[in-house]
Amino acid sequence: MPQIFPKFYPQNLVTMAVDFIEQILLYIFGNQFVVDCIFKFMGIGAILGVISLAAMLFTYEERKVCAFMQKRIGPNRVGPYGLLQSMADTLKLMTKEDIIPLGCDRVVWALAPMLLFAPSALIYAFYTFDDGVVLADVNIGLFLLLAISSQAVLPFLMGGYASNSKYALIGGMRTVAQMISYEAPMAFSLLGVVMITGSMNIGDIVKMQGELPWFVFLQPIAFIIYIICATAETNRTPFDLVEDESEIVAGPFTEYSGMRWALFFMAEYANLLSVSIIATTLFLGGWQGPILPAPVWFWGKVLVMVFLFMWFRWTFPRTRVDQLLEFSWKVLLPLALVNLLLTGIGMYSVKEFFASF
């Protein structure tokens, strides 16, 4: 079948740049293994750079979006239009005193923020940023992505338990209940996409959307379920009961300060960017698009999704914890299962229709 959005250039720009750098490194080192190792480290550095840059940009964007929603100005004093506010926040966090609470389990308490940031960064290895541009191209990329991201539950519980604080412990337990509850309907919502494509390879899923309509049109119910679950998984309003300051101060983060707290903060924005990339990749065609280069389409869609999640945060009121859990188990999970049933019926009907000719 012809592609809906054929590229206007024979080879994507990112691949051309990578090939050019590879030829230079081969000329310098003369060994393919050494060049491959260098590229792996370059990929890891690029992922960490994207996450760090996203954290700085999104804190500024979040404040501006919040100000726009509430008819305020937002950051406007530090640098032109407040652009250096994020830099000032970074310097503040780096210079704050690292306070260790008395009576805490120091080893577990110190490991929690590092272990939380690790899966948030690791899942970026499976994203297809452009045609063939992926750090780890595996056949079960979607499965590994969900499996690794689900490990973020444990560091929250570790931080809450090891802090020797009732507020932190309650926040950690809330995190476990909330994230496990919303992982189930999220996984089932993505299974509809897997059924249509017949593959868990993220690159194959994107390419299939060049032959078929974007999956947001074929799976609208799954897309809505995913957006709701992703909002809960990133602990953002109206599902920010993990860090409910009116009840439990700051949840599992209560006893953290300085750069340890900053790792929790970076993991939150890394997850925000991550769920936006997943939505773009699985439902909005990924890097597919007419006329413009693929990276422009990819990052443009991602930024639109980031704005959508920020819009939710400053629009909807916070829910109660019992309402949050009931909504997942009694509404979203049955709806996701019904969507799978409808997807199977639709695929069978289309197959029978074409078989009749």
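Below, each value reflects all heavy atoms present in this structure, side chains not excepted, and no hydrogens, waters or symmetry copies. What you are looking at is a predicted structure, and each value in this text was computed from that prediction instead of being measured. Position 1 is the first residue of the sequence, and the numbers go up from there.
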For [X], look at atom [atom1] and say whether over 12 heavy atoms of other residues, nucleotides or ligands are found less than 6.0 Å away.
X      : atom1 : value
Asp98  : CG    : yes
Phe312 : CZ    : yes
Phe129 : CZ    : yes

Donor-acceptor pair, distance only, cut-off 3.5 Å: does the side chain of [X] make one with the backbone of [Y]?
X      : Y      : value
Ser257 : Ile99  : yes
Tyr256 : Trp109 : yes
Tyr182 : Leu324 : yes
Thr281 : Ile278 : no
Ser328 : Ser181 : yes
Glu62  : Met310 : no
Asn201 : Val138 : yes
Lys64  : Ile73  : yes
Asn271 : Ala267 : yes
Thr319 : Pro238 : yes

To the closest 0.5 Å, what do you measure between [atom1] ([X]) and [atom2] ([Y])?
X      : Y      : atom1 : atom2 : answer
Trp299 : Thr280 : CH2   : OG1   : 9.0 Å
Cys37  : Leu25  : SG    : CG    : 12.0 Å
Ile221 : Leu332 : CD1   : CG    : 12.0 Å
Leu157 : Arg174 : CG    : CZ    : 15.0 Å
Phe327 : Cys229 : CZ    : SG    : 8.5 Å
Leu169 : Lys166 : CG    : NZ    : 10.0 Å

- Task: Please work out which of the three classes, parallel, tilted or perpendicular, describes the rings of Phe223 and Phe283, given edges at 30° and 60°.
- Result: perpendicular

Under 4.5 Å between side-chain heavy atoms, counting indirect links through other Ile/Leu/Val/Met/Phe/Trp/Tyr residues: same cluster for [X] and [Y] or not?
X      : Y      : value
Leu91  : Met266 : no
Leu83  : Leu93  : no
Trp261 : Ile100 : yes

- Note on the structure: Note: Thr343 and Met195 closest approach over all heavy atoms is CG2-CE, 4.1 Å

- Item | Worked check of ring-ring contact (aromatic ring centres under 6.0 Å, His included) between Tyr124 and Tyr127 | CA-CA 5 Å; Tyr124 280 79; Tyr127 295 142; 5.4 Å; yes

- Query: Between the side chains of Tyr226 and Gln219, does any donor sit under 3.5 Å from an acceptor?
  - Reply: no

- Message: For Glu268 and Asn235: C-alpha separation, side-chain torsions, deciding distance, then whether side-chain hydrogen bond (donor to acceptor under 3.5 Å, both in side chains) applies.
- Response: CA-CA 8 Å; Glu268 176 183 340; Asn235 305 321; over 6 Å; no

- Considering only heavy atoms from C-beta outward, does the side chain of Leu273 approach that of Ile51 to under 4.5 Å? no

- Task: Check whether any side-chain heavy atom of Phe215 lies under 4.5 Å from a side-chain heavy atom of Gln209, and answer yes or no.
- Result: yes

